[in-house]
Undergrad: 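Before we start, here is the structure in question, set down as structure tokens.
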Amino acid sequence: MLPQEIIRKKRDRRELTDEEIAFFVNGVTDGSIADCQIGAFTMAVLLNGFSEAETTALTLKMRNSGSVLQWPELDAPVVDKHSSGGVGDKVSLMLAPMLAAAGVYVPMISGRGLGHTGGTLDKFDSIPGYQTQPDNDLFRATVKEVGCAVIGQTGSLAPADKKIYAVRDVCATVESIPLITASILSKKLAAGLDCLIMDLKFGNGAFMNNLEDGRALARSIVKVANRTGTKTQALLTDMNQVLGTAAGNAVEMQEAVDYLKGQPADPRLHEVTMRLAARLLTISGQFSAETDALKRLERDLASGKALETFARMIAKLGGPADFTDHPAKYLPQAPVIRPVFPHDAGYVESMNTRNIGLSIIGLKGGRTTPGQTIDYSTGYTGFCQIGDYVDSQTPLAFVHAANQEDFARAAAELQNNVTVSDRKPQSAPVIAETVE
Ligand code: URA
């Protein structure tokens, strides 16, 4: 077999066999296929599409390109949630310990910020001492003893995705539904999951701008994951506004701790978190009805069990033992924290969520080059929601910045990216649809 013949076949809109896809992925993994061939292959897939069978084969070959975890020592379902990426999306921080408190196991392998979206891993890196890259023994021991461990991807999990992703990033081939499906699922399935829930975001702060594209990606992921034997469903959730009230790294960690302590939560954030968790607990068979799962999640939040699970996970992975008692003592604080008011009083009508995500990179809370060191302390708190009234006394948000210059730039960006009107708009429901 020759790589160029496989590329040619897809270029000519013909269906590839399992063997051809396996040959290509093996060549990517062992380095015998060049980056230019990966670029041409992914462009052919983007332009001409992949059948469900081809997407499933690509996913499985990419999953098998590295180690695939197994959990014979665990006595309850192994589950996870994956978000397609958003702004202010700290759901994983609360959801992992809530699920573990409810009796399932969550080996959560997370990523860093991508484009304008924040990354779960960067949020955990804001906790001093917390190891996002523990060795395999510590990772497994944490999952077994605590019930959850949120860590970063190791080099041994789905290495083919790492290479293909890096080429797609610079060859304009990210926005392909089969390629996104295989990329996300190869990593998730390598973690040895029984069940998965996808938080598929759509809107101006998501990679899928509209509901229709979000639905197509959700259906592709759900179909392929179920074909591979991992029970999977997806919720399509609205990302036309910042989720919750904080956006950044340490500031989102603080919001997550407050949530787990039972402090009044942003209703949209609460709804997404509870519904994703309850759905997962139901599809895993841990609860027979979603209403029972919801009651259990509420109970574990009220009793502090979910908070205690979070605290134990942090301590076991090297963070401070009393982190959840005094998060402000440990999380970095920006030197400049100031409110930003709208030019005109009125109701928040819309926001350009993508630009708000990008402005966090401008505050050095995200990267412009791979591996760059970031400032965990920066971002926004008290972020307004669509329908809120704002005026010269009620801010759009508080900016957390490293200096006055960064503050001034972020303040102007905030004012430009939030639209205020005289009439109170209807806020869209945060959950649009479920894909089963
Ligand atoms: N996230 C991934 O892991 N892969 C993609 O292709 C897109 C988003």
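These values consider heavy atoms only, across backbone and side chains, with no hydrogens, waters or symmetry-generated copies. Numbers here are sequence positions counted from 1. Read the numbers this way: they start at 1 and go in the same order the structure lists the ligands and their atoms.
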Undergrad: Considering only the protein, which heavy-atom contact is closest to atom 4 (N) of ligand 1, and what is its distance?
TA: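 Checked against all protein heavy atoms, atom 4 (N) of ligand 1 sits closest to Ser183 OG, 2.7 Å.
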Undergrad: Should Glu73 and Lys144 count as an ion pair when the cut-off is N to O under 4.0 Å?
TA: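 Result for this pair is no, no salt bridge flagged.
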Undergrad: When you check the gap from the basic side-chain N to the acidic O, do Asp258 and Lys261 get nearer than 4.0 Å?
TA: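 Looking at Lys261 together with Asp258, the answer is no, because their closest N to O distance does not fall below 4.0 Å.
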Undergrad: Tell me: protein heavy atom nearest atom 5 (C) of ligand 1, and distance?
TA: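 Nearest neighbour among protein heavy atoms for atom 5 (C) of ligand 1, to 0.1 Å: Tyr165 CE1, 3.3 Å.
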Undergrad: For ligand 1, is any non-hydrogen atom under 4.0 Å from Phe207's backbone (N, CA, C, O), its side chain (CB onward), both, or neither?
TA: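 Near ligand 1, Phe207 shows nothing, with every heavy atom at 4.0 Å or more.
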Undergrad: Regarding atom 3 (O) of ligand 1: of the candidates Lys188, Arg168, Lys187, which has the closest heavy atom?
TA: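 Among Lys188, Arg168, Lys187, the closest heavy atom to atom 3 (O) of ligand 1 belongs to Lys187.
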Undergrad: Thinking salt bridges, do Glu436 and Arg279 make one under a 4.0 Å N-O criterion?
TA: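 Result for this pair is yes, salt bridge flagged.
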Undergrad: Return the closest protein heavy atom for atom 8 (C) of ligand 1 as residue, atom name and distance.
TA: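 In this structure, atom 8 (C) of ligand 1 has Leu114 CD2, 3.9 Å as its nearest protein heavy atom.
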Undergrad: Is the closest basic N to carboxylate O distance between Lys9 and Glu5 below 4.0 Å?
TA: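 Answer for the salt bridge query: no.
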Undergrad: Which residue and non-hydrogen atom of the protein lie closest to atom 1 (N) of ligand 1, and at what distance in Å?
TA: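 Protein heavy atom at minimum distance: Ile184 CG1, 3.9 Å.
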Undergrad: Find out whether Lys364 and Gln372 are in side-chain contact, i.e. whether some heavy atom of one side chain is under 4.5 Å from a heavy atom of the other.
TA: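 They are not in side-chain contact.
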